[in-house]
Number of protein chains: 2
Amino acid sequence: MLSNSVQDYLKALYEMGGESEMIGTGAVAARLAVTPASVTSMLQKLAASDAPLVHYKKHRGARLTDEGLGKALEILRHHRLVELFLHETLGFGWDEVHDQAEKLEHVISEELEDRIARQLGDPVVDPHGHPIPTKDGRMPVRHEKRLIDLPAATPARISRVADHDTEMLRYLGGLGLVLNARIEIVEKSPFDGPILVRIMDGDRVQALGRRVASQVHVMLDSATEMAAMPNHDNTNSDAGDSNA
Amino acid sequence: MLSNSVQDYLKALYEMGGESEMIGTGAVAARLAVTPASVTSMLQKLAASDAPLVHYKKHRGARLTDEGLGKALEILRHHRLVELFLHETLGFGWDEVHDQAEKLEHVISEELEDRIARQLGDPVVDPHGHPIPTKDGRMPVRHEKRLIDLPAATPARISRVADHDTEMLRYLGGLGLVLNARIEIVEKSPFDGPILVRIMDGDRVQALGRRVASQVHVMLDSATEMAAMPNHDNTNSDAGDSNA
DNA sequence: CTCTGTTTTTAGCCTTGCCTAAATCATAAA
DNA sequence: TTTATGATTTAGGCAAGGCTAAAAACAGAG
C-alpha cells in the first residue's frame, strides 16, 4: 500500500507533466509545499525500488514510469469520483469539493470506488470538467483549448476549469461561468490586457484577467462530445459563505 | 489536529471503558494490534500535555479526561454516521461498513459531517444499533440488556450488535437476526450451553452459542424508544460474497 | 512474608517524511 | 572561456509511532 505522501507525489507528477514530461525538483516542491531537499530524497526513493514508480535523473527531474502512471491514474480516479459524489449526492458547491476530496481520495477502497461510480452512473467528468480515468487506467482524451486561445466571435462552451483554487471557482461561479456555459470572446485587449467574454445565458459581457482565462478551457460549440455532458448546477446549494 | 493514531487510542479507551473505567495497557495493545510497550509510551504522551486527553497512573492503566472524552465522541460520531451513510446511501451490508468507516472517520470535515447527518435526517443509531453521539458531545442513553441476560419467554427486539466482527454479522444476518428483529428466548441450556432463540418473523427457533449471544443486545418489546427506530434492511444488496 | 509468574515500563533502535545548512551542478551572461 | 546565479543534491537532524529486549512492579500462592 502506497503511503499518502507517495500518492501525493505521483499525483503531482502526473498533473504537472502527464505521461512523458520531466518535472524539476523545485516545481514539485512548490506544488506540494515541501522543500526541494525533501522532493529529491523522495524521488530517489521512488526511483530506487525494484519496480520503480518514477524515472529520475540527477539535476534533470523525474517522470512517471508505466507503473507510476497507473497508480497516479487510480488516485486521480478516486479524487474525481469523490469530487463528483460530494457535489451530486451531498450538494457541495464546485468550489468546496477539492479540499475534502484531497483527503478522502487516500482512503477509498476498491469496493467503495465501484459503488460510488455505479451510483453516479459511471460518470466521465468531475464537477470541474476534468475527465475521470477509467477503471482500467486510461485517461479519456478530449479536444479542448484554453479560453485564451479561442478566436474571437467563436461560440464555445466551458468544458473545464482548474479545480484547486477555491476563490477563483467561487468567482467564476458567481459570474455564471459554470461548466457547460455557452460563451464567446468579444475582444482580446492587447498587451496582455483583459479578455471580454460574452456569457450567452443572460447575454452579459464580462472582462476576465489573463490569469483567470488561462485556467478555463473550452470546447467549440459544434464538438459532438458535448451532447453527453449533463448540465451540472455548480452553485453551492445551501452552505454559508462564512470563510472567504 | 489529532493524528490518526491518537484518535484510535481515544476511541479504543472509550469503547473499552466508557467514561470512568481504568483500562490496562495490555488490553489496549490487544485491541489496537500493537505491543504493550507502544501503548505505554502513547498513554504517557497523551497524559503529559497541558490539556491532557487521558488520566494515566503507572501500572494502573488509563481513562479519558473530559477533554479526551469529547474527542472520542467526535470520532465515534464520525464513525457511526459514516457507517450509516455507507449502508443507507451506497447500499453496503451491515457486515461491510465497519472497516471502511474505520478509515473514513479520520478524514471527515465538520462540513461533511453536517451534510451527512442532514442527508440522513439526523439519525440516532448506526446500522448495528449503536447510538450516534450528538454534535454537542453527548452519548444518547438507552435501556437495553444483553441477550444472555434476557429471561426466557420475554418478547424483545434486537437493539444492538457488536460491529467489529464481519463474520459474525454475516452469520447473524443470514439467520434473520437483524436490527429490530423480534425474538424471545425459548430456553437457556445449562453449563454455558447454547441459547434457543425464537425468531418471531418466520417463527423459527435457532440455537446460539454463548459467545455470539453476549454480543447481541435487546430491548424489551414494550420499550417506547423502539417506535422511533426505522427498520433497516441489513442484507448486502448486491455485492458478491467473494472473500470469506 | 516470600516467591514466582504475569504485566508493565524503560531503554534503545528503526522507518517515514520532513527540515536546515552547506556543497555541488548547470547555465546564461560577460 | 570564465564566472555568477539559481537550482539541486548531500549531510545531518528531528518528531511520530512503532518494535525488541531487559528491568521493574504487581498479585496470587504458598
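Protein chains get the first letters and strands the later ones, always in sequence-line order, with residue 1 at the start of each. Excluded from the calculations below are hydrogen atoms, water molecules and symmetry mates; all remaining heavy atoms, backbone and side chain alike, are included.
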Solution key, residues 63-75 of chain B side-chain donor-acceptor pairs under 3.5 Å, sequence neighbours excluded:
from	atom 1	to	atom 2	distance (Å)
B:Thr65	OG1	B:Pro52	O	2.8
B:Thr65	OG1	B:Leu53	O	3.1
B:Thr65	OG1	B:Glu67	N	3.4
B:Thr65	OG1	B:Gly68	N	3.0

Exam field: side chain A:Trp94 to backbone A:Leu169, donor-acceptor pair closer than 3.5 Å: yes
Residue-level proximity of residues 46-64 of chain A to DNA chain D when a heavy atom falls under 4.0 Å: A:Tyr56, A:Lys58, A:His59
Phosphate-side-chain proximity, A:Gln44 and D:dT10, N/O vs OP1/OP2 below 4.0 Å: yes
SB check A:Lys11 A:Glu102 (cutoff 4.0 Å): yes
Nearest-angstrom distance from the residue atom CE of B:Met1 to P of D:dA16: 16 Å
Step-by-step side-chain contact (heavy atoms from CB on, under 4.5 Å) determination, B:Glu83 to B:Asp163: CA-CA 10 Å; B:Glu83 280 192 344; B:Asp163 65 351; 3.5 Å; yes
Presence of A:Ser38 side-chain N/O under 4.0 Å of C:dC19 phosphate oxygens OP1/OP2: yes
Nearest-angstrom distance from the residue atom CG of A:Leu2 to P of C:dT16: 13 Å
Rounded distance (Å) that lies between atom P of D:dC19 and atom CE of B:Met42: 11 Å
A:Asp8 side chain to A:His106 side chain, donor-acceptor N/O pair below 3.5 angstrom: yes
side-chain contact (heavy atoms from CB on, under 4.5 Å) assessment of A:Arg115 paired with B:Leu86: CA-CA 10 Å; A:Arg115 294 242 183 195; B:Leu86 293 173; over 6 Å; no
Side-chain H-bond candidate by donor/acceptor type, B:Glu105 with B:His78, under 3.5 Å: no
Lys/Arg-Asp/Glu bridge criterion (N-O < 4.0 Å) met for A:Glu113, A:Arg118: no
Check: B:Asp165/B:His98 side-chain N/O donor and acceptor closer than 3.5 Å: no
A:Lys45 vs C:dG17: side-chain N/O to OP1/OP2 distance below 4.0 Å: yes
Under 4.0 angstrom between B:Ser41 side-chain N/O and D:dG18 OP1 or OP2: no
Interface residues of residues 4-34 of chain B with DNA chain C (non-hydrogen, below 4.0 angstrom): B:Gly24, B:Thr25, B:Gly26
Phosphate OP1/OP2 of D:dT9 contacted by A:Thr40 side-chain N/O (<4.0 Å): yes
